[in-house]
Structures are given as C-alpha cells and as structure tokens.
Amino acid sequence: GDPHPESLVHWISALDMKSRTMQQAGNMAALFAPALGLNAFGWVGDWMSLYADKGPFWEKFGEAVAKDGEDGAEEFIKDNVGRAPIGLNVEVTNPFKLTAFLAAFRAWIEQTSPGMTAWTNHQHKKQGYVKIAPAGETREELEDEGLDDLALYYAPSAKLLTVTLDESLLKRSINRQLEARALRKAK
C-alpha cells in the first residue's frame, strides 16, 4: 500500500475484482465507454489505498478553520483544492491492460468533452507521468475563479497507478517506487 512516513492518514482496502460490485463497475464502464470493453478493470490488483501527506496545505487549512470556522474551511478548500496532498494508489497486475485502459479512457474523455482538457506528458527521474489540465474556455473560467492551477496527475507503472491533484506528492511517490525497485535489485 505504499506506506511512507510523510502520510498523516493512510487507508488501505482490499479489492475483490470478482465481486458483484466490481463486476457491475466494469459493466458500467463498458456502457459509458465501449472501447474499454467488458474487462475494463482487468488491470486492477488486490488493493487500493488513499492517503493524505503532511504539508503546508494542512497548516493553512487549520488557520482558515480557526479564523472562520466551517465557512473558512469551505472557502479554503474551494480556493486550494488543487494543492491538497491527497493520493490514490491502485495495485496494477497487468501494465498492458492498464495502458489500454488509460488510452481508452483518454479517448472517451476527448470524445465526450472535446477541447476541455489538455493532456501533457512529463518526466521525473526518467519516469513518465501525465498532467490533465483544463483547456480552452474551461481554463479561462477556472482562472476567473482563481483555480487556474487545477490539474489531475497520474503516474502509471508496472506495479502501481498513482493519481493525485498535487504534482509534488506524485513525484515523492515516484521517488519511493524507484527506491523500492533499487532495494529489490540489490537483494
């Protein structure tokens, strides 16, 4: 589940991809995006985790709550959601199926919402990741609301898919994966 000392909260859950709920999720995905096929989640492993890492975001959130209570919390989250150091990890059992899923997902997004997103490839320590940001009028509207830096980041690998709104969190996750890989090779 990618345990690490920077996490404030780390929740790990087992996944049963043969369960009725997960089968229904796969069928629903196939209905919405036929290119994903009936086995849309065939790449998903036995677990997923959700975690929140330490950082200045939480200190500033606490200050907003202390100052204005619930209204301060709501306003802070609205203005800073893209900086929330929260990550989602999903175990990957088949990187080829993950690649097919991500390609079909992107095609579906671009078909259903043309011109609303910009997908860019990036690298950290020679490991690829993707940034999905608003584009066109959507970006302009978000800029007017002060949310011009809002983006979703994901890093696929042979063992893990990490998704987050915080690019620095993603880079730390990549660092941990590289360290774990180096330790396995050293054995």
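If you read the sequence from its start, that first residue is 1, and numbering goes on from there.
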ask   = What pair of heavy atoms forms the shortest contact from Ala135 to Ala118, and how long is it?
value = CB-N, 3.9 Å
inquiry  = Going by ring-ring contact (aromatic ring centres under 6.0 Å, His included), name the pairs with one or both residues in residues 164-187, residues two or more places apart or in two chains.
reply    = none
message = Less than 4.5 Å apart, side chain to side chain, heavy atoms only: is that true for Val90 and Trp43?
response = yes
request  = Identify the heavy atoms of Ala29 and Ala40 that sit nearest to each other, and give their distance.
outcome  = CB-CB, 4.0 Å
remark   = Heavy atoms of Leu150 and Val81 approach each other most closely as CD1-CG1, 3.8 Å
ask   = Which pair of heavy atoms, one from Leu169 and one from Ile86, lies closest together, and at what distance?
value = CD1-N, 3.8 Å
Which residues share a side-chain hydrogen bond (donor to acceptor under 3.5 Å, both in side chains) with Ser7, sequence neighbours left out = none
query = Can you find a pair of side-chain heavy atoms, one from His4 and one from His10, that are under 4.5 Å apart?
reply = yes
remark   = By side-chain hydrogen bond (donor to acceptor under 3.5 Å, both in side chains), Arg181 pairs with (sequence neighbours left out) none
Contacts of His124 that satisfy ring pair (Phe, Tyr, Trp, His ring centres under 6.0 Å) - sequence neighbours left out = none
inquiry  = Once rounded to the nearest 0.5 Å, what's the spacing between atom CG of Leu183 and atom NZ of Lys185?
reply    = 12.0 Å
query = In the single-linkage hydrophobic clustering (I, L, V, M, F, W, Y; side-chain heavy atoms under 4.5 Å), do Leu160 and Leu102 co-cluster?
reply = no
Which donor-acceptor pairs under 3.5 Å do the side chains of residues 54-63 make with protein atoms, sequence neighbours left out?
residue: Trp58; atom: NE1; partner: Asp53; partner atom: O; Å: 2.7

ask   = Residues in side chain to side chain contact (heavy atoms under 4.5 Å, CB included) with Phe96, at least two apart?
value = Asn94
query = Any side-chain heavy atom of Val130 within less than 4.5 Å of one from Asn121?
reply = yes
key: For Leu170, the rest of its hydrophobic cluster, which grows through side-chain links under 4.5 angstrom   = Tyr129, Tyr153, Ile174, Leu178
request  = For Thr162, check side-chain hydrogen bond (donor to acceptor under 3.5 Å, both in side chains) against everything at least two apart and list the hits.
outcome  = Asn89, Ser173
message = Do Trp47 and Leu98 land in one hydrophobic cluster if side-chain heavy atoms of ILVMFWY residues count as linked below 4.5 Å?
response = no
query = Can Thr117 and Trp119 be counted as having a side-chain donor-acceptor contact under 3.5 angstrom?
reply = yes
ask   = Do Leu88 and Met48 touch side chain to side chain, with heavy atoms closer than 4.5 Å?
value = yes
task = Would you indicate whether Tyr154, at its atom OH, is surrounded by more than 12 heavy atoms from other residues, nucleotides or ligands within a distance under 6.0 Å?
result = yes
Any residue meeting side-chain hydrogen bond (donor to acceptor under 3.5 Å, both in side chains) with Glu74, in chain and number order, not counting sequence neighbours = none
request  = Hey, could you give me each pair passing side chain to side chain donor-acceptor pair (under 3.5 Å) that has a residue in residues 106-115? Not counting sequence neighbours.
outcome  = Arg106-Glu110
message = Just to verify, what does Thr120 make a side chain to side chain contact (heavy atoms under 4.5 Å, CB included) with, not counting sequence neighbours?
response = His122, Lys131
Partner set under salt bridge (Lys or Arg N to Asp or Glu O under 4.0 Å) for Asp2, not counting sequence neighbours = Arg176
message = With clusters defined by side-chain heavy atoms of hydrophobic residues (ILVMFWY) lying less than 4.5 Å apart, directly or transitively, does Met22 cluster with Val92?
response = yes
